[in-house]
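Ligands are counted one by one from 1 in listed order, and the atoms in each one are counted from 1 as well. Values in this document were obtained by computation on a predicted structure and should not be read as measured data. In what follows, residues are counted from 1 in the order of the sequence shown.
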Amino acid sequence: MKADAVIKAVYEKVLARNPGETEFHQAVKEVLDSLGPVLEKHPEYIEANILERIVEPERQLMFRVPWQDDKGNFRVNRGFRFEFNSALGPYKGGLRLHPTVCASILKFLGFEQVFKNSLTTLPMGGGKGGSDFDPKGKSDNEVMRFCQSFMTELCRHIGPDTDVPAGDIGTGGREIGFMFGQYKRIRNEFTGILTGKALNWGGSLIRPEATGYGCVYFAEEMLKTRGDSFKGKICTVSGSGNVAQYTVEKLNQLGAKAVTLSDSGGTIHDPAGIDAEKLAFVMELKNVKRGRIKEYADKYGVEYLEGKRPWGIKCDCAFPSATQNEIDENDAKTLLKNGCILVSEGANMPSTPEAADQFVSNKILYGPAKAANAGGVATSGLEMSQNSQRLSWTREEVDERLHNIMISIHRQCYDAAEEYGMPGNLVAGANIAGFVKIADSMLDQGLV
Ligand code: NDP
Ligand code: 2IT
C-alpha cells in the first residue's frame with residue numbers, strides 16, 4: 001500500500017475503534033497527517049505496521065476510586081492510566097484531576113506524550129492518567145482521602161522502572177505528596193515513582209518552573225531564527241496555574257511584558273505588565289488560597305473580562321497555558337490580525353486544527369505543544385536521574401540542562417522540517433522527529 005492509503009486506513013480504524021473520542025481523533029490525525037513523506041522514505045515502517053501499533057495504547061487501566069467527603073458521604077470517581085508506549089523507556093506522563101477527564105482526553109494526552117518524550121532526548125516512554133475528581137472546592141482532607149484511594153489501586157501498576165506519573169491540571173505538589181505517602185505505606189518502598197515531588201523528599205529543583213521556563217526558552221529559539229528577541233515584546237498568557245505562572249516569570253526575566261492571565265472564570269488584562277510583585281500575589285492566590293483570578297483585577301484595579309479568553313488582546317507573542325482547544329479559528333485570525341508573530345504552546349493541544357492551520361499557513365513562529373511544553377517532562381526525567389543516583393543537582397545545573405534540552409528540541413524539529421521539505425513548519429518537524437526515534441526503537445524490539 002502507498003503511504004497516503006496506509007495513513008487513511010489507520011485513521012479510519014482509529015475512528016471505528018474509539019467511537020466518540022474526538023480529542024483522541026484530533027491528536028492522532030495531526031500526527032498522521034505529517035507522516036506521509038516519512039513512510040515514503042521508510043517502507044519498513046509500513047511493512048511492520050508501525051502506525052497501527054503506535055495508535056493503540058499498550059495497556060489501558062480504568063478503576064473505581066471510592067472516598068469519603070467531610071460530611072461522611074460515600075463518593076465514587078473513576079480513575080485511569082493509559083500506558084501508551086514503552087519503546088524508549090518506562091511510561092512517563094502526568095495525572096490530570098478535572099471533572100472533564102475521560103478516556104478521550106487521557107488518550108489524546110498519552111498519545112502526545114509519547115512523541116513529546118521522544119523529543120526530550122531522555123529515555124522515557126509515554127503515558128497519562130487521572131480522574132474526573134474535581135479538587136476545586138474540596139478541603140485538604142477530602143483531597144487527601146481521594147489521593148490515597150486513587151493510589152491504593154494505581155500502586156499495583158506503577159514503579160520506578162515501569163511507569164512514573166507526575167502532575168498535570170489539578171495535580172500539583174499537594175496531590176503528589178498525598179499520593180507518594182500512600183504508595184510508600186502500601187509498598188514499603190521509598191522510590192522515585194512520581195515526579196514533581198517536594199525538595200525534601202526527592203524532588204528536583206526547577207521542576208515546578210520547568211514547563212513555563214521551557215516554553216519560553218523554546219520561543220526564544222524560534223525568535224532567534226528571525227534575528228529577534230523578547231526585548232519589549234507584549235505577551236498574552238492564558239491560565240494562571242503552574243505553567244502560566246512560570247511562563248510569566250521567565251518572560252519578565254527576558255525583558256518581555258506579560259499582560260494577561262486567566263482561569264475558567266475569565267481573563268485579567270494588565271497593560272502595565274504582571275511584574276514580579278504581582279506574580280507573587282498570583283502565586284499566593286492560586287497555590288495557597290486557591291482563589292479566582294478576578295481577585296487580581298480587584299486588587300490592582302485592572303480590567304476583568306468575564307467569561308473571556310485572552311486572545312482578543314493585542315500582543316506580539318501568545319502563550320496558551322490553560323487547556324486543550326482554547327484557541328479556535330476565530331481566535332487565531334484575531335491574533336494574526338492584531339500582529340501576533342509567535343505562538344508557543346504551554347498547554348497540550350491548545351489550538352484547534354483550524355487554528356493551527358492558520359498559524360502554519362501564515363508562517364508565524366509556531367511552537368506546537370509536544371515540542372514547546374516538553375521542558376516539564378524533560379525535567380521530570382532529570383528528577384528520575386537524580387533519584388536513581390540518590391543525589392540532588394543544583395538549581396543552575398538543572399536549569400542549564402533544561403535550557404540545552406529545549407535548544408535541542410527546537411533544533412530537531414527545525415531540521416526534520418527542512419529534511420522533509422517543509423522548512424519552518426515545526427508542527428511537521430516535531431511529529432516527524434518524535435516519530436522516527438520511536439518507530440526505529442519498535443523495529444529493534446520486534447513485534448511489540
Ligand atoms: P494547573 O491546574 O496548575 O492550572 C490550570 C489552569 O488552566 C488554571 O488556571 C485553570 O483554571 C485553567 N483551566 C483548566 N481547565 C480549563 C478549562 N477547561 N477552561 C478554562 N480554563 C481552564 O495546570 P497546569 O498549569 O499544570 O497545566 C496547564 C496546561 O499545561 C495543561 O494543558 C497541561 O496539560 C499542560 N502541561 C502541564 C505540564 C506541567 O508540568 N504541569 C507540562 C506540560 C503541559 P481553573 O482553575 O478555573 O480551572
Ligand atoms: O503534559 C505533560 O508533559 C505533563 N503534564 C508533565 C508530565 C511529567 O511526567 O512530568
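In the vicinity of Asp168, heavy-atom distances shorter than 4.0 Å reach the ligand 2 atoms 1 (O), 5 (N). Contact atoms of ligand 2 toward Ser380: 8 (C), 9 (O), 10 (O) (distance under 4.0 Å to a heavy atom of the residue). Near Ala166, the atoms of ligand 2 lying under 4.0 angstrom from a non-hydrogen atom of the residue are 8 (C), 9 (O), 10 (O). Numbered from 1 in the order shown, with element, the atoms of ligand 1 that lie under 4.0 Å from a heavy atom of Ser262 read 9 (O). Numbered from 1 in the order shown, with element, the atoms of ligand 1 that lie under 4.0 Å from a heavy atom of Ala347 read 29 (C), 30 (O), 32 (O), 35 (C). Near Gly239, meaning under 4.0 Å from any of its heavy atoms, are these atoms of ligand 1: 9 (O). The contact set between ligand 1 and Ser264, taken as ligand atoms under 4.0 Å from a residue heavy atom, comprises 11 (O), 20 (C), 21 (N), 45 (P), 47 (O), 48 (O). Proximity to Gly94 (heavy-atom distance under 4.0 Å) selects the following atoms of ligand 2: 7 (C). Close approach of ligand 1 to Ser321 is summarised as follows: ligand atoms under 4.0 Å from at least one heavy atom of the residue are 28 (C), 29 (C). Those atoms of ligand 2 with a heavy atom of Lys92 less than 4.0 angstrom away are 8 (C), 9 (O).
Which of Met384, Arg96, Lys128, Glu383 comes nearest to atom 4 (C) of ligand 2 through a heavy atom is settled by distance: it is Lys128. Looking at Ala322, Gly376, Ala378 and measuring to atom 13 (N) of ligand 1, the nearest heavy atom belongs to Ala322.
Ranking protein heavy atoms by distance to atom 6 (C) of ligand 2, first place goes to Arg207 NH2, 3.6 Å. Summary of contacts: the protein heavy atom closest to atom 19 (N) of ligand 1 is Thr323 CG2, 3.9 Å. Protein heavy atom at the shortest distance from atom 27 (O) of ligand 1 is Ile169 CG1, 3.7 Å. Scanning the protein heavy atoms around atom 39 (C) of ligand 1, the nearest turns out to be Thr211 OG1, 3.4 Å. Looking at atom 9 (O) of ligand 1, its nearest protein heavy atom turns out to be Ser240 N, 3.0 Å. For atom 32 (O) of ligand 1, the closest non-hydrogen atom on the protein side is Asn348 N, 3.2 Å. Ranking the protein heavy atoms by distance from atom 2 (C) of ligand 2 puts Lys116 NZ, 3.3 Å first. Of the protein's non-hydrogen atoms, Gly170 N, 3.0 Å is the one closest to atom 2 (O) of ligand 1. Protein heavy atom nearest atom 41 (N) of ligand 1, with residue, atom name and distance: Asn242 OD1, 3.6 Å. The shortest contact between atom 4 (O) of ligand 1 and any protein heavy atom is with Gly241 CA, 3.3 Å.
Distances from ligand 1 to the non-hydrogen atoms of Ala374 include no value under 4.0 Å. For the ligand labelled ligand 1, residue Gly346 lies inside the 4.0 Å heavy-atom shell. For the ligand labelled ligand 1, residue Arg96 lies inside the 4.0 Å heavy-atom shell. Lys136 counts as a contact of ligand 1, since one of its heavy atoms falls under 4.0 Å from the ligand. Residue contact check for ligand 2: Met124 places no non-hydrogen atom closer than 4.0 Å to it. Distances shorter than 4.0 angstrom do not occur between any heavy atom of Pro165 and any atom of ligand 2. Residue contacts with ligand 2: Glu112 is excluded, as none of its non-hydrogen atoms falls under 4.0 Å. Ligand 1 has at least one atom lying under 4.0 Å from a heavy atom of Arg207. Contact annotation: Arg292 has at least one heavy atom less than 4.0 Å from an atom of ligand 1. Contact annotation: His98 has at least one heavy atom less than 4.0 Å from an atom of ligand 1.
Inspection of the Glu209 and Asn242 side chains reveals no N or O donor paired with an N or O acceptor under 3.5 Å. A donor-acceptor contact under 3.5 angstrom links the side chains of Ser86 and Glu58, judged on distance only. No hydrogens or angles considered: a donor-acceptor pair under 3.5 Å links the side chains of Gln26 and Asn325. Counted by atom type alone, Tyr414 and Glu221 present zero donor-acceptor pairs between their side chains at under 3.5 Å. Side-chain contact, Arg64 with Ser149: no donor N or O sits under 3.5 Å from an acceptor N or O. Residues Asn373 and Asn348 bring a donor and an acceptor atom of their side chains to less than 3.5 Å of each other. Defined by atom type and a distance below 3.5 Å, a donor-acceptor pair is missing between the side-chain atoms of Arg309 and Ser262. For the residue pair Thr195 and Lys92, a side-chain donor N or O sits within less than 3.5 Å of a side-chain acceptor on the partner. No donor-acceptor contact under 3.5 angstrom links the side chains of Ser240 and Asp263, judged on distance only. Side-chain contact annotation: Lys250 with Tyr217, donor-acceptor N/O pair under 3.5 Å present.
Under the 4.0 Å criterion applied to side-chain N and carboxylate O atoms, Lys233 and Asp316 are not assigned as salt-bridge partners. In summary, Glu383 and Lys197 engage in a salt bridge, as defined by a charged side-chain N under 4.0 Å from a carboxylate O. Salt bridge status for Glu397 with Arg401: present, with a side-chain N to carboxylate O gap under 4.0 Å. Looking at Arg78 and Asp132, no side-chain N of the basic residue comes within less than 4.0 Å of a carboxylate O on the acidic one, giving no salt bridge.
For Leu109, no nitrogen or oxygen atom sits less than 3.5 Å from a nitrogen or oxygen atom of ligand 1, counting backbone and side chain alike. Considering both main-chain and side-chain atoms, Asn373 never comes within under 3.5 Å of ligand 2 through any nitrogen or oxygen pair. In terms of polar-atom proximity, defined here as any N/O pair under 3.5 Å, Gly167 does make such a contact with ligand 2.
A centroid separation of less than 6.0 Å is found between the aromatic rings of Phe180 and Phe190. Taking the ring centroids of Phe281 and Tyr300, they lie under the 6.0 Å cut-off. Outside the 6.0 Å centre-distance limit, the rings of Phe150 and Trp67 are not counted as a close aromatic pair.
When all heavy atoms of Ile274 and Val259 are compared, the closest pair comes out as CD1-C, 4.0 Å.
In the displayed structure, Glu400 atom CD is contacted under 6.0 Å by at most 12 heavy atoms of other residues, nucleotides or ligands. Other residues, nucleotides and ligands place more than 12 heavy atoms under 6.0 Å from the CZ atom of Arg187.
The NZ atom of Lys286 sits 4.5 Å away from atom CZ of Arg292, with the distance rounded to the nearest 0.5 Å.
Under 4.0 angstrom from ligand 2, there are no non-hydrogen atoms of Lys370. Here Asn348 has side-chain heavy atoms under 4.0 Å from ligand 2, and that is the only part of it that gets that close.
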